[in-house]
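The structure appears below as structure tokens.
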Amino acid sequence: MSEIGDIRSPQGGHRRTVILRHVGIFVSLISAWEIACRLGWLDPLFFPFPSAILTGFWRLYVAQGNIWPHLGLTMAEVLVGFVAGSAFGIGLAICVGMVDRLRRYMKPYVVILEATPRIAIGPVIIAAFGFGWTSKTAIVMLVCFFAPFVNTLNGMVGVEAEKLSMFRSMRASKTQTFLKLMLPSALPEISAGLRLAMASALGGALVAEFIASNAGLGVLINQYTSTLNMASAFVCVLTLSALGYFIFRGMEELDRILVFWNDRDRTARVGERRKAAWAAGKGGKS
Amino acid sequence: MTAMAVETATAGDHDAATLPVIAAHDLRKTFAGGSVVAVEDADFQIRPGEFISLVGPSGCGKSTLLRMVAGLLERTSGSLTVHGQEVTGPHPTVAMMFQKPTLLDWRTAVENVLLPTEIAGRVTDADRRRAMDLLELTGLKDFAFSFPSQLSGGMQQRVALARLLQTGADILLLDEPFGALDEFTREHLNVELLRIVNEVRSTTLFVTHNISEAIYLADRVFVMTPRPGRIAGIVEVPFERPRPLSIQQGPEFNALVSRVRATFESAA
Ligand SMILES: Nc1ncnc2c1ncn2[C@@H]1O[C@H](COP(=O)(O)OP(=O)(O)OP(=O)(O)O)[C@@H](O)[C@H]1O
Ligand SMILES: [Mg+2]
């Protein structure tokens, strides 16, 4: 097992050269940008000097520290909206998925809602909830609702007929069939839905802040751009890139934990853990 | 006792000791509002501990018949009893195994084997020991904590077989359980199946479309013909169980193969 792992993942020495190359590419890109600015090829009014962005980071994060409340607010909107929206989506899908009759009639509504650009409802929500964080969170919720809802429903509908027959022949109750078969079977799709939702959550929050708001990174970007303080605007944009990156990695990790059986190495590790738990007398449970 | 005697009289010429475990009378199943006759007028009785092979070409209604016995499919008409009771739904004494292993990917082999016990109620230490014993019986002792994705197709079917036995059912229904496996693995698993079934003394109904396999495994072979699906004949297999694979080379075995073939042809 470990030999296979060694072949597939880059070995120590190899990994170091990969990192060095990445650093090289990054430094060249930034240098090219800086040089282009200094030579006057790029208008520094719209494309600020990388060095100016760097000092901007210092100013926004340390010297003035004024980015923190906005960053915090945007993150809170994203997090609360994501958790509430996807929980609602998954919950509703489960309710619908367990009732055959409902499932059949839901289809057209789902398709219509799917086809509607979510952000079009943004102004309506703002009208209803005002300019504060509630309306932004509500918009993120809306954006985060659909992918988990549709995927959970699809996952539950896609359970193999033979597996359902098997549960029926074992005279499993509806709850048992759901907990032991349908929900775990749908987990890969649910996890994919969560990733999609998270990917749109950040964008949803920003657009909501662009439409109407008094705080948040979107507001900050608007302010800096309108006062032509491009270096600071870029600091906000790069902050969002970093945020997006970590969210993406986090969701990938969550997927590997939730759907461990699709990952070779993790499957082996979970097997070892269950074996140890069994030996300790606790027995196996999924 | 008197009730039993009455049962026996109506069920056929069996004495109390060989009261049929499964009995069908004019059993019929149609689909699509009666236009597709999947099983027509099936009449048979299966004795305790018997191994029955159900052989026939694709689409002749083998799975349909099996699913009716399992209580997964309602019959259109006729009677079907298991242990003397009319079948109205899944029954705890009947367990079914499918062509695909239908294992749960997120459970280790032994956790998969324990599934029927979990569904029936609480899992005790005795249940856990039994699950381990069954994995040993099916030759998977060293793979108890492997996940399905870490097992070959043949090993997955062994887990499914262990799970089938874990139900404690005394009637086992197997629908082409090894049909998706290669010839070598299948022959090997057939030998194992005979050994295991002898050990647990179950009554077995085994579906296949392989004539030699059907004869090798069974005490009696039910030969089914399509459109409409009916049992065209029953061939008795006189060999003692369990049997070595080598009996398949003898002239007696070949005569049985010819008998089964002839049954198909006379019905066509
Ligand atoms: N749910 C259903 N609805 C309509 N027709 C059905 C249904 N299930 C089976 N049939 C029909 O009944 C007939 C018998 O099907 P069945 O699956 O029992 O055949 P089989 O002998 O098991 O075939 P195979 O060897 O391919 O598994 C076929 O003609 C099939 O099309
Ligand atoms: Mg079939």
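Each chain gets a letter, A, B and so on, in the order the sequences are listed, and its residues count up from 1. Source: prediction; values computed, not measured.
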Rounded to the nearest 0.5 Å, the CG atom of A:Leu181 sits from the CH2 atom of B:Trp106 at a distance of 5.5 Å
Closest heavy-atom pair, A:Arg171 versus B:Pro90, reported as atoms and distance to 0.1 Å, is CD-O, 3.1 Å
When the 4.5 angstrom heavy-atom criterion is applied to B:Leu72 and chain A, the contacting part is both
In this structure, CG of B:Leu104 is separated from CH2 of A:Trp261 (nearest 0.5 Å) by 10.0 Å
_Looking at B:Met132, I'd like to know if its CE atom is crowded, meaning that more than 12 non-hydrogen atoms belonging to other residues, nucleotides or ligands lie closer than 6.0 Å._
yes
State, yes or no, whether a side-chain contact exists between A:Pro184 and B:Arg107 at a heavy-atom distance under 4.5 Å.
no
Does A:Phe88 CZ have over 12 foreign heavy atoms under 6.0 Å away? no
Applying a strict 4.5 Å limit to non-hydrogen atoms, the region of B:Pro92 in contact with chain A is both
Cut-off 4.5 Å, heavy atoms of chain A, and the answer for B:Leu103 is backbone
Honestly, the part of A:Leu187 sitting under 4.5 Å from a heavy atom of chain B is neither
Heavy-atom closest pair (A:Ser165 atom, B:Arg67 atom, distance to 0.1 Å) is OG-NH2, 3.2 Å
Whatever's closer than 4.5 Å to a heavy atom in chain A on B:Val110 counts as side chain
Rounded to the nearest 0.5 Å, the CE atom of A:Met170 sits from the CD1 atom of B:Ile119 at a distance of 5.5 Å
inquiry  = Side chains of B:Ser149 and A:Thr267, heavy atoms from C-beta outward: is any pair under 4.5 Å?
reply    = yes
Review point. Quick check: are there more than 12 heavy atoms from other residues, nucleotides or ligands sitting under 6.0 Å from NE2 of B:His83?
Key: yes
Residues passing the ring-ring contact (aromatic ring centres under 6.0 Å, His included) test with B:Phe98, sequence neighbours excluded, are none
Mark yes when over 12 heavy atoms from residues, nucleotides or ligands other than A:Glu252 sit less than 6.0 Å from its CD; otherwise mark no. yes
When the 4.5 angstrom heavy-atom criterion is applied to A:Val270 and chain B, the contacting part is both
Between the side chain of A:Arg274 and the main-chain N/O of B:Phe145, is any donor-acceptor distance below 3.5 Å? no
Checking heavy-atom separations under 4.5 Å from chain B, one finds in residues 240-248 of chain A none
Comparing B:Leu115, B:Thr167, B:Val94 against chain A, the one with the most heavy-atom pairs below 4.5 Å turns out to be B:Leu115
| message | Classify the ring geometry of B:Phe147 against A:Phe260: parallel below 30°, tilted from 30° to 60°, perpendicular beyond 60°. | response | perpendicular
Bottom line for A:Ser173: the part with an atom under 4.5 Å from chain B's heavy atoms is neither
One option among A:Glu272, A:Arg168, A:Glu160 has the most heavy-atom pairs under 4.5 Å with chain B, and it is A:Arg168
Handout entry: Other residues, nucleotides, ligands: >12 heavy atoms within 6.0 Å of A:Lys275 NZ
Key = no
When the 4.5 angstrom heavy-atom criterion is applied to A:Glu162 and chain B, the contacting part is both
